[in-house]
Amino acid sequence: MKSQPQRKENQKKLTVEHQSINLGFAISNMEDAMPVVMDPETAFLASKQETGNEWELFKENVRPLKRGRDVKLLNDSLKSNSDFQIRNSLTETRRKMIKAIDEYEGEDPLQPWLHCIKWIQDAFPPGGDCSGLVVIYEQCVRTFWHDERYKTDLRYLKVWLEYAENCDDAEVVYSFLDTNKIGQTHSLFYVSYANHLESKNKIKTANEIYESGISRNAQPIEKLKAAYKKFFARSMSRPKASEEVMDTRQPARSFGTILARADSGNRTQESSFDIARKRPKQEGSQGGSLKVFKETGKSSLHGSDSSLKPSTWHTLGARAERNKENNAIPSKWTSNKIPQRAFGRAAPPPPRIEVFVDEECPESHVVSNGGGSVQLRDNDDGKDLKKETELLRENPLRHFPPSSLR
């Protein structure tokens, strides 16, 4: 028989085992009740979705954005390259957003434009002419360029700068902003303008832009001064303007190599001295001096030709014989006729080719605004949209009134 202390010890062991079992059940119930937190990659693999690898297949066609991109929306947008239903849905969504811009009646009419621009950037990752982004940029900036409340708005300035990046001649856009006093209170305008001029090698003009921004106390002024300091360090390392002009007008050799103007005289003198020094060495190395031919009187008499002997004039001849070159025989000038151009009625121009208009073609969606209208045709090829985008890239202010350019 077991003693009383052993019984008590066994009871304690059984109690501990029961408590551990109950605790295990409680923990398992809590784990079942609590949601499982997984990282995005594990969650995507666990969901067993069919999409998600479009980014890896078409990443060379994605235009980078400073604010980044949503991977899910990016994959769905890239899938439109092979799925016509998704492409049609994106076009339909774009049309609704453009319609929402026209129907907006709030206090901030710029906000729907910004929302539409952001959506187009995400929905059409390659950008390109078919996205209509350049047309939306142009319509947005043209709608509010005369509105005083948006001339100092940083959001509106960023739309202008993004539009300038998509144009061939961005300097025209920056000059327009400076003329109409748009964004002059922000340092971002002066930094972007000066960087563009610096890329065009217009260092003096870029320096003037920085100085004008600092004099106007553009905010944040610390950012502008820091950018100007870096620009000044880069400009000091560049060659001077006078040196650049001299380099462009340097004399060229026959083989195409360029000689510096400052060193050309010294090099020619040094080369002449070097040649004079090397000649006697080369001549002495050949084992003899150069023999000079001397003409003697005998050789000249025997080798001379009879035709080369000096001849004397016995008579000068008559006057008529001496002036025979000046006695030209006159001829009748009226015998030569110049062909005249026939005067008559011009031929009628050929008939013009009539432009075919397809009546069944879907109408373009038009959004009226203060500056004009947005025309985004919803056909598959988007030829009108591509043509308008190309024209805006060449001339970004083609739809602006002439009075705004002064």
Side-chain angles (χ1 to χ4, degrees), residues 63-67 69 94 97-98 101-102 108-200 209 213 218 367-376 382 384-405:
R63 188 175 184 180
L65 295 176
K66 294 181 180 179
R67 57 180 172 82
R69 293 183 180 274
R94 183 180 62 185
M97 297 190 72
I98 295 174
I101 294 174
D102 187 33
D108 189 10
L110 180 62
Q111 185 59 37
W113 287 94
L114 300 177
H115 183 61
C116 180
I117 290 172
K118 182 180 178 181
W119 182 85
I120 291 177
Q121 290 176 346
D122 292 333
F124 297 89
D129 300 342
C130 295
S131 63
L133 186 61
V134 177
V135 179
I136 295 294
Y137 279 144
E138 193 271 339
Q139 291 293 332
C140 177
V141 297
R142 182 155 53 96
T143 303
F144 304 106
W145 73 272
H146 57 278
D147 198 337
E148 294 294 334
R149 59 177 171 172
Y150 288 117
K151 287 188 176 182
T152 58
D153 197 328
L154 184 60
R155 301 174 301 166
Y156 182 58
L157 176 62
K158 289 182 178 180
V159 177
W160 267 108
L161 298 181
E162 291 178 3
Y163 179 49
E165 291 178 358
N166 289 272
C167 298
D168 297 336
D169 190 6
E171 191 171 354
V172 177
V173 178
Y174 287 113
S175 179
F176 176 87
L177 295 177
D178 193 16
T179 303
N180 293 275
K181 299 179 180 180
I182 298 175
Q184 290 186 349
T185 59
H186 301 284
S187 61
L188 179 62
F189 167 68
Y190 300 97
V191 174
S192 301
Y193 193 4
N195 289 336
H196 175 72
L197 293 174
E198 186 181 2
S199 65
K200 298 292 184 180
I209 295 297
V367 177
S368 61
N369 49 56
S373 60
V374 181
Q375 296 183 1
L376 296 178
D384 296 341
L385 193 59
K386 290 181 180 178
K387 184 178 180 180
E388 180 65 19
T389 302
E390 292 175 357
L391 293 175
L392 289 175
R393 290 183 191 275
E394 296 174 358
N395 185 10
L397 304 178
R398 60 189 301 266
H399 294 304
F400 280 76
S403 59
S404 63
L405 308 178

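Along the sequence shown, residues carry numbers from 1. Only a predicted model underlies this, so the values are computations on that prediction, with no experimental measurement involved.
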Summary of salt bridge (Lys or Arg N to Asp or Glu O under 4.0 Å) pairs that have at least one residue in residues 174-184, sequence neighbours excluded: D178-R216
Can you list every salt bridge (Lys or Arg N to Asp or Glu O under 4.0 Å) pair that touches residues 156-165, not counting sequence neighbours? none
So, for [X] and [Y], which heavy atoms are closest and what is the spacing to 0.1 Å?
X	Y	result
L397	V172	CD1-CG1, 3.5 Å
P396	C167	CB-SG, 3.5 Å
L154	H186	N-NE2, 3.7 Å
C140	V159	SG-CG1, 4.0 Å
C116	I98	SG-CG1, 4.4 Å

For the atom pair [atom1] ([X]) and [atom2] ([Y]), what is the distance rounded to the nearest 0.5 Å?
X	Y	atom1	atom2	answer
D169	E171	CG	CD	6.5 Å
T143	E138	OG1	CD	8.0 Å
I101	I117	CD1	CD1	8.0 Å
I209	E198	CD1	CD	13.0 Å
K200	L197	NZ	CG	10.0 Å

Would you say the side chain of [Y] lies within less than 4.5 Å of the side chain of [X], judging by non-hydrogen atoms?
X	Y	answer
L392	H399	yes
D108	W113	no
D122	L65	yes
K151	E148	yes
Y150	L157	no

Flag, side chain of [X] to backbone of [Y], donor-acceptor distance under 3.5 Å:
X	Y	result
D153	R155	yes
S192	F189	no
Y190	Q184	yes

Listed by chain and number, what are the side chain to side chain donor-acceptor pair (under 3.5 Å) partners of N195, not counting sequence neighbours? none
Quick one, E390 with R393, criterion salt bridge (Lys or Arg N to Asp or Glu O under 4.0 Å). Give me CA distance, side-chain angles, the key distance, then yes/no. CA-CA 5 Å; E390 292 175 357; R393 290 183 191 275; over 6 Å; no
Ring centers of F176, W160 separated by less than 6.0 Å: yes
Parallel, tilted or perpendicular for F144 and Y156, by the 30°/60° rule? perpendicular
Working note: R94 + M97, criterion side chain to side chain contact (heavy atoms under 4.5 Å, CB included); need CA distance, chi angles, decisive distance, verdict. CA-CA 5 Å; R94 183 180 62 185; M97 297 190 72; 5.8 Å; no
